[in-house]
Amino acid sequence: MRQRNLLVRALFGGLLACSLHLASAASADTNVMFIVDASGSMKKAVDGGESRMAAAKRVLAEALAAMPPETRLGLLLYGHRKAKDCTDIELASPIGAEDAAALSTRIEALKPKGETPIAAALALAAKSFIAFKGQSNSIVLVTDGIEECKGDPCAAAKAIKDSGVDLKVNVVGFTLKEDQKALIKCVADETGGTYYDAKNAAGLSSALAAVSKAVVAEPDDNLLARANGGTLLAASNDEWMKLNDGKEEEATTYAGEGVWAFKDGKPATFDRFDVLIPEASPYNLKDFELLAGDEGPTGSFRSIGTFAAQNIKMMQSPYQSFKFPPVTARFLKVVLKTDAGGGYISCFEFRLHGKLDAAAAPAAAAAPAPGTDLLAAANGGTLLAAPNDDWKKLADGSEERATPYAGEGVWAFKGEAPATFDAFEMLIPEASPYNVKEFELMAGDEGPTGAFRSIGQFSTQNMKMMQSPYQRFTFAPVTAKYLKVVLKTDWGGGYISANEFHLLGQAETAAAPADTAETEAASTAAPAAGTVDLLSPANGGTLLAAANDDWKKLTDGSEERATPYAGEGIWAFKGEAPATFDAFEMLIPEASPYNVKDFELLAGDEGPTGAFRSIGQFSTQNMKMMQSPYQKFTFAPVTAKYLKVVLKTDWGGGYISANEFHLLGQPAP
């Protein structure tokens with residue numbers, strides 16, 4: 001017996017030392033209610049013949065004596081007055097009414113008699129904390145049995161969680177069997193507390209030492225905790241939001257980075273970062289880097305250091321801590337680099353320990369979006385030209401994923417009137433190697449094929465901004481009729497996908513349409529009376545000579561892709577009679593490196609092998625004109641019997657493919 005008592009006292013010495021160390025740190029706003037089981041089963045012997053009740057009295061007295069004096073204590077008892085009575089529950093000492101010595105005296109007088117109404121006891125104890133909402137609140141339930149009064153302890157715990165009091169229940173299971181533990185552990189799990197297992201008196205001492213340390217610890221200094229004002233500003237995906245919500249649930253973050261701000265955007269000083277590793281897994285985080293910044297989620301960051309987690313559960317605490325010299329900053333960036341071999345990274349919970357600069361001014365609120373979205377179809381925005389039809393999705397309001405590839409698109413504003421704008425937004429819903437990385441904005445006044453001046457080169461962040469998934473790029477105010485967006489590079493996927501674009505500004509009063517350019521998309525003006533496509537077989541056009549048979553497809557009306565290569569083709573008009581013409585059209589259905597780039601038109605009257613005179617040299621735009629996919633090239637009226645088309649260069653593919661040609665004019669009477 002003497003040896004057992006020495007063991008109990010030795011184990012409890014750790015509790016005394018720890019509690020005394022914490023005495024100066026405990027907050028006066030720490031409230032702890034002890035619920036003590038005095039049911040009939042506490043008469044049973046434990047260890048060398050001492051009753052469970054006697055062991056509990058002794059250990060609880062020592063635990064209470066070691067509690068910091070600033071801690072407000074309370075005591076609730078059950079089963080101590082009547083046998084076989086499930087209503088035998090007593091709030092023996094309200095929170096803060098008596099000191100530790102008085103509570104020990106009450107516990108010493110207990111005589112185990114009755115039942116185990118755990119659910120009802122929890123419900124009554126929880127009412128005591130309503131007046132202490134927002135403080136550090138804990139219940140310590142010491143029981144040697146499970147619910148005996150038809151209550152549901154798990155449901156009672158859920159009600160505590162849902163009450164909004166922020167009350168944790170720590171459960172010390174004294175001599176419980178495995179099946180009994182499973183029925184009571186939910187109380188701790190549901191409320192964010194901890195379950196402690198005590199098989200004997202020594203175990204009870206160790207368990208109460210651990211739970212005392214937990215309930216009188218320093219106030220939560222986790223700067224990332226959502227409850228403490230930590231805010232995730234940007235991350236690779238929405239799963240990162242689970243990493244500071246306090247739930248410790250698994251999140252599939254993948255490799256990538258996240259940026260947090262502290263409460264009210266204020267600076268803080270910190271020196272420790274914790275990563276929860278609940279068990280070994282090939283998907284656990286291995287290598288990561290911490291960075292500090294002061295300029296926002298897209299500003300510059302300085303490295304704090306690179307760290308490596310151990311792929312193992314630490315049994316004293318499952319949080320692995322990483323220390324570094326104190327850092328003061330407004331933002332923390334966490335870059336997840338490698339996993340433990342599974343192929344992707346899953347994480348649980350992060351903590352950053354430090355102190356907020358409460359005296360600092362809060363961060364300024366984000367400025368509202370300036371003006372209306374000039375690209376939106378609802379506001380009169382019109383896509384005039386682009387490499388492919390997927391560009392239409394980029395301003396349709398659907399936020400649907402589009403595959404515009406690298407290339408450029410040109411928008412007009414309402415009525416092709418000028419507008420003044422100073423901000424462009426791009427939706428980045430999550431990190432992706434296919435997201436736009438670098439792009440350029442250009443302004444123009446001469447139509448989709450006219451001159452454009454650069455507004456600026458820009459780069460996105462390959463992450464989702466959590467306050468708004470639209471990344472905004474601002475510039476000095478620009479006034480123009482057209483906007484060109486040039487998508488240049490992706491983040492390594494091999495091609496560009498995008499979602500939605502906004503251009504923020506103010507439109508001016510609609511102006512008359514711009515003058516027709518020499519090279520433009522299909523004309524909106526009505527054709528002259530009698531104008532037809534002179535090359536169409538339906539109108540008598542005939543291909544007389546060409547580099548190969550694919551040239552036949554270029555005027556057959558099918559708009560089928562042909563491979564004419566570089567070379568020339570000669571057409572005669574109906575009956576090889578002369579005709580007068582002033583416009584040539586070429587179908588460009590989408591951007592392609594095989595599209596015709598440079599070509600020449602010539603007119604003749606002596607047959608396919610006779611002399612030809614040049615009408616002009618022309619160049620296409622390697623994009624689709626959205627009002628009509630036929631690009632029109634105009635010139636002074638020409639009268640001749642034959643047309644020669646010379647295809648000279650492509651857009652880099654190595655050979656020329658083409659679709660359909662039109663020659664607009666009037667045949668001879």
Side-chain angles (χ1 to χ4, degrees), residues 4-5 7-20 22-23 26 30-39 41-47 50-69 71-81 89-113 116 118 121-122 125 128 138-145 169-176 184 188 193-216:
R4 178 179 55 76
N5 287 338
L7 173 62
V8 171
R9 293 180 182 278
L11 289 169
F12 197 76
L15 168 64
L16 293 174
C18 178
S19 297
L20 289 172
L22 290 167
T30 299
N31 310 294
V32 184
M33 172 76 74
F34 283 83
I35 300 178
V36 178
D37 180 353
S39 62
S41 59
M42 290 290 281
K43 299 175 184 178
K44 294 181 180 180
V46 64
D47 295 337
E50 184 183 31
S51 72
R52 297 177 185 175
M53 190 77 256
K57 288 178 180 180
R58 177 168 37 79
V59 174
L60 280 166
E62 293 177 343
L64 285 166
M67 296 290 284
T71 304
R72 290 190 287 257
L73 303 174
L75 179 65
L76 187 143
L77 308 171
Y78 61 77
H80 59 301
R81 294 178 298 192
I89 305 170
E90 179 188 9
L91 179 59
S93 182
I95 292 173
E98 297 177 321
D99 61 12
L103 298 191
S104 294
T105 300
R106 290 183 178 277
I107 293 171
E108 181 60 34
L110 292 176
K111 296 184 183 299
K113 296 179 180 179
T116 309
I118 293 175
L122 288 171
S128 297
S138 301
I139 289 174
V140 179
L141 168 63
V142 181
T143 180
D144 76 332
V169 182
N170 299 283
V171 180
V172 179
F174 188 25
T175 70
L176 294 185
I184 195 67
T194 304
Y195 176 81
Y196 300 87
D197 192 32
K199 291 183 170 56
N200 49 33
L204 181 61
S205 181
S206 297
L208 280 171
V211 73
S212 296
K213 179 180 178 181
V215 299
V216 300

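For this chain, numbers begin at 1 and follow the sequence in order.
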**Message:** Quick one, T143 with Y78, criterion side chain to side chain contact (heavy atoms under 4.5 Å, CB included). Give me CA distance, side-chain angles, the key distance, then yes/no.
**Reply:** CA-CA 10 Å; T143 180; Y78 61 77; 3.3 Å; yes
**Item:** side chain to side chain contact (heavy atoms under 4.5 Å, CB included) between L91 and S128, intermediate numbers included
**Value:** CA-CA 9 Å; L91 179 59; S128 297; 3.9 Å; yes
**Asked** Can I95 and L73 be said to form a side chain to side chain contact (heavy atoms under 4.5 Å, CB included), step by step?
**Response** CA-CA 5 Å; I95 292 173; L73 303 174; over 6 Å; no
**Message:** side chain to side chain contact (heavy atoms under 4.5 Å, CB included), that's the test. Do T71 and N31 meet it? Break it down for me.
**Reply:** CA-CA 6 Å; T71 304; N31 310 294; over 6 Å; no
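Between V32 and M67 the shortest side-chain heavy-atom distance falls below 4.5 Å. Contact of the V36 side chain with the L75 side chain is registered, since non-hydrogen atoms from C-beta on lie closer than 4.5 Å. Counting only heavy atoms from C-beta outward, the side chains of L77 and I89 never approach each other to under 4.5 Å. Proximity of N170 to S138: side-chain heavy atoms (C-beta onward) are separated by under 4.5 Å at one or more points. When side chains are defined from C-beta on, M42 counts as touching D37, because their heavy atoms get closer than 4.5 Å. The shortest side-chain heavy-atom distance between V142 and Y196 does not fall under the 4.5 Å cut-off.
Considering only residues two or more places apart in sequence or on other chains, R81 meets the side-chain contact (heavy atoms from CB on, under 4.5 Å) condition with D88, E90. With sequence neighbours excluded, the residues forming a side-chain contact (heavy atoms from CB on, under 4.5 Å) with K111 are K113, listed by chain and number. Partners of K43 under the salt bridge (Lys or Arg N to Asp or Glu O under 4.0 Å) rule, at least two apart in sequence or in another chain, do not exist in this structure.
Using a 3.5 Å distance cut-off with no hydrogens or angles, the side chains of D144 and T175 do not pair a donor with an acceptor.
The NE2 atom of H80 sits 7.0 Å away from the CG atom of L110 when rounded to the nearest 0.5 Å. Interatomic distance, CG of L141 versus CD1 of I118, reported as 5.5 Å (0.5 Å rounding). Separating the CG atom in N200 from the CZ atom in R52 is a distance of 11.5 Å, to the nearest 0.5 Å. Atom-to-atom distance recorded for F34:CZ and S93:OG is 12.0 Å, nearest 0.5 angstrom. The CZ atom of F174 lies 9.0 Å from the CE atom of M53; values are rounded to the nearest 0.5 Å. A distance of 10.5 Å separates CG of L60 from CD of E108, quoted to the nearest 0.5 Å.
Scanning all heavy atoms of the two residues, the minimum distance from L76 to A125 falls at CD1-N, 3.9 Å.
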